[in-house]
Every structure is written in C-alpha cells, then in structure tokens.
Amino acid sequence: MYGWLLVFAQGYARESANFEKIRDISPDGKFAVRISCDSEPEDAQKIPSEDIKAIELISLPSKRAVANLLPSNHVGTHFEDITLVWSPDSKWCAFYYSAPRVGYSTVLRQSGAKFKVLNKPAELMARVEGEVRDEYIRPIKWIKPGVLVLEQLTVLRSDEDVKLELTAGLDPKTGKFKVLSKKKISADSETDNE
C-alpha cells in the first residue's frame, strides 16, 4: 500500500509541476526576481496574478530566496505592473506592484546574505490635500545607492490628478528610509524610467 501511495504522489507531483520565471537580474548578476506558479502559464510574459504563488528575490546561481517580495495576503489576488528597480551597486532595490486603486513601493537593502525590508509599503508617500480615490507610488531610478526617485500619482475624488516626484533615502537623524523631498510635476508629463 505504501508503494502505491508513493507512485500516486510522484505522478501527482509531475502533473502539478511548478513553473518559475527569473527576471530583473541585478547589475552585478548575483540576484534576480523569481515569480513562481503551480503550473506553466499560457504566456510567460504576461502571467495572471491570480496564478502567482510567490515573488521572491533570489541569489544566483543557487536560486536561494533572500527576500519575500509578495505578502502572503496578496497571493491569489489581482495585481499587476510588477516592477523591481536596482541600485547601480546591486545592494539596494525597490519593489512595486499595483492592486486596484493602489500601488506602493517597498525598499530593500542587502544585509549579509539576505535583503532587509526598510519600509512598510504605504510609508513612502507624500500627503495630498483632498479625498484620495487612487494612489500609485512607483520607483523610477536610484540617483546613487541609498537615494531613490519615486513618482507619486494621486487621483482625487474630484477627478483631479496630483503628480509628485519624491526623493527618498535614509534619514540621518532616525536611520529610517523615508521621503526626504518632494516636488509637484505636471500630471501629463512622463518621467524617464531609466
């Protein structure tokens, strides 16, 4: 009986084989993002978020997880626009994805063999006057290691769009990663994503 169960379990494991997509390789080639699914999607370039089981930062070539990027309460939900922006030295990265009506950025910094999360997603933002309907804070580029430029788009219930450019980094007094400066930009301008 035990042998039959083992054969059945091995057969089942082959049918639900895991699929992983490796992307967003760091400038030094030592890290990347791994998106995991239970099975191969129809289009590996456009994986439905509901099929994604994990998004992790991994070390290369071992593929050992060094940070979990997707919170467990978002597994199986609808989200899109998965973005990871590396600092030139590969020791910092900013992760972003958007759900309906919100998108926030999380900053991570290398600490030994792992990456440590430096902020809660909603902490990197500027307050906007008015009743907020939608809010998206996307990482744009690292000016230098530890200093990140973000773009904040806030849509108010009055249908007014407020677009800000934020600069974030470590606060010298508290050591926390936070918004250091902000400036309003035209709502119809495009920020360079390089």
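Salt-bridge formation is detected for the pair Arg133/Asp159: a Lys NZ or Arg NE/NH1/NH2 atom is positioned less than 4.0 Å from an Asp or Glu carboxylate oxygen. Using a 4.0 Å cut-off between a side-chain N of Lys or Arg and a carboxylate O of Asp or Glu, Glu123 and Lys176 do not qualify as a salt bridge. In summary, Arg34 and Glu56 engage in a salt bridge, as defined by a charged side-chain N under 4.0 Å from a carboxylate O.
Put simply, the side chain of Asp28 never gets that close to the backbone of Ser90: no donor and acceptor are under 3.5 Å apart. Although no hydrogens or angles enter the test, the distance criterion places no donor-acceptor pair under 3.5 Å between the side chain of Glu131 and the main chain of Leu156.
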Inset, instruction - Please step through side chain to side chain contact (heavy atoms under 4.5 Å, CB included) for the pair Leu148 and Phe177, ending with a clear verdict. - result: CA-CA 10 Å; Leu148 176 66; Phe177 199 86; 4.2 Å; yes
Inset, instruction - Report the C-alpha separation of Trp92 and Trp142 in whole Å, then their side-chain angles, then the decisive distance to 0.1 Å, and conclude whether the ring-ring contact (aromatic ring centres under 6.0 Å, His included) test is met. - result: CA-CA 9 Å; Trp92 299 77; Trp142 291 90; 5.7 Å; yes
Legend entry - Val33 and Ile22: CA distance, side-chain angles, deciding distance, side chain to side chain contact (heavy atoms under 4.5 Å, CB included) verdict: CA-CA 6 Å; Val33 170; Ile22 307 296; over 6 Å; no
Inset, instruction - Begin with the C-alpha distance, continue with both residues' side-chain angles, and end with the deciding distance and a verdict on side chain to side chain contact (heavy atoms under 4.5 Å, CB included) for Ile35 and Arg23. - result: CA-CA 8 Å; Ile35 299 173; Arg23 57 177 253 190; 3.9 Å; yes
Inset, instruction - Apply side chain to side chain contact (heavy atoms under 4.5 Å, CB included) to the pair Ile137 and Leu166, showing each step before the final yes or no. - result: CA-CA 9 Å; Ile137 297 99; Leu166 310 176; 4.2 Å; yes
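No donor-acceptor contact under 3.5 angstrom links the side chains of Glu165 and Thr167, judged on distance only. No hydrogens or angles considered: a donor-acceptor pair under 3.5 Å links the side chains of Glu135 and Tyr104.
Each of Ile58 and Phe115 belongs to its own hydrophobic cluster when Ile, Leu, Val, Met, Phe, Trp and Tyr are linked at side-chain heavy-atom distances under 4.5 angstrom. In the hydrophobic clustering of this structure, Ile25 does not group with Ile55; members are Ile, Leu, Val, Met, Phe, Trp, Tyr whose side-chain heavy atoms approach within less than 4.5 Å, directly or through other members. Both Phe79 and Val117 are assigned to one and the same hydrophobic cluster, defined by single-linkage of ILVMFWY side chains at heavy-atom distances under 4.5 Å.
Of the inter-residue distances, the one linking Trp86 atom CH2 with Asp24 atom CG reads 8.5 Å to the nearest 0.5 angstrom. Here the OH-OG distance, from Tyr136 to Ser98, works out to 6.0 Å after rounding to the nearest 0.5 Å. Atoms OG and NZ, from Ser87 and Lys144 in turn, are 12.5 Å apart once rounded to the nearest 0.5 Å. Glu20 CD to Ser36 OG: the interatomic distance, rounded to the nearest 0.5 Å, is 5.5 Å. In this structure, Leu84 CG and Leu57 CG are separated by 6.5 Å, a value rounded to the nearest 0.5 Å. From Leu108, atom CG reaches atom CZ of Phe31 across 11.5 Å, with rounding to the nearest 0.5 Å.
Looking at every heavy atom in both residues, Leu170 comes nearest to Gly175 through CD2-O, 3.4 Å. The shortest non-hydrogen separation linking Glu151 to Ile185 is OE1-CD1, 4.3 Å. Closest of all the heavy-atom pairs between Pro139 and Tyr96 is CD-CB, 3.4 Å. Across all their heavy atoms, Val132 and Asp134 have their closest contact at CG1-O, 3.6 Å.
Environment of NZ in Lys21: crowded, with over 12 heavy atoms of neighbouring residues, nucleotides or ligands closer than 6.0 Å. Other residues, nucleotides and ligands place no more than 12 heavy atoms under 6.0 Å from the NZ atom of Lys184. Around atom CZ of Arg127, no more than 12 heavy atoms belonging to other residues, nucleotides or ligands sit under 6.0 Å away.
Taking the side chain as every heavy atom from C-beta outward, Asp161 and Thr154 never approach each other to under 4.5 Å. Residues Leu60 and Lys30 form no side-chain contact, since every pair of their non-hydrogen atoms from C-beta on lies 4.5 Å or further apart. Side chains of Ser49 and His78 form a contact here, defined as non-hydrogen atoms less than 4.5 Å apart. Side-chain contact between Met125 and Leu150: absent, with no pair of heavy atoms (C-beta onward) separated by less than 4.5 Å. A 4.5 Å side-chain heavy-atom check between Val66 and Arg64 finds at least one atom pair inside the cut-off. Side-chain contact between Gln152 and Arg138 is absent, with no heavy atoms from C-beta onward closer than 4.5 Å. At least one side-chain heavy atom of Phe95 sits under 4.5 Å from a side-chain heavy atom of Ile82. Using a 4.5 Å heavy-atom threshold, the side chains of Val107 and Leu124 count as touching.
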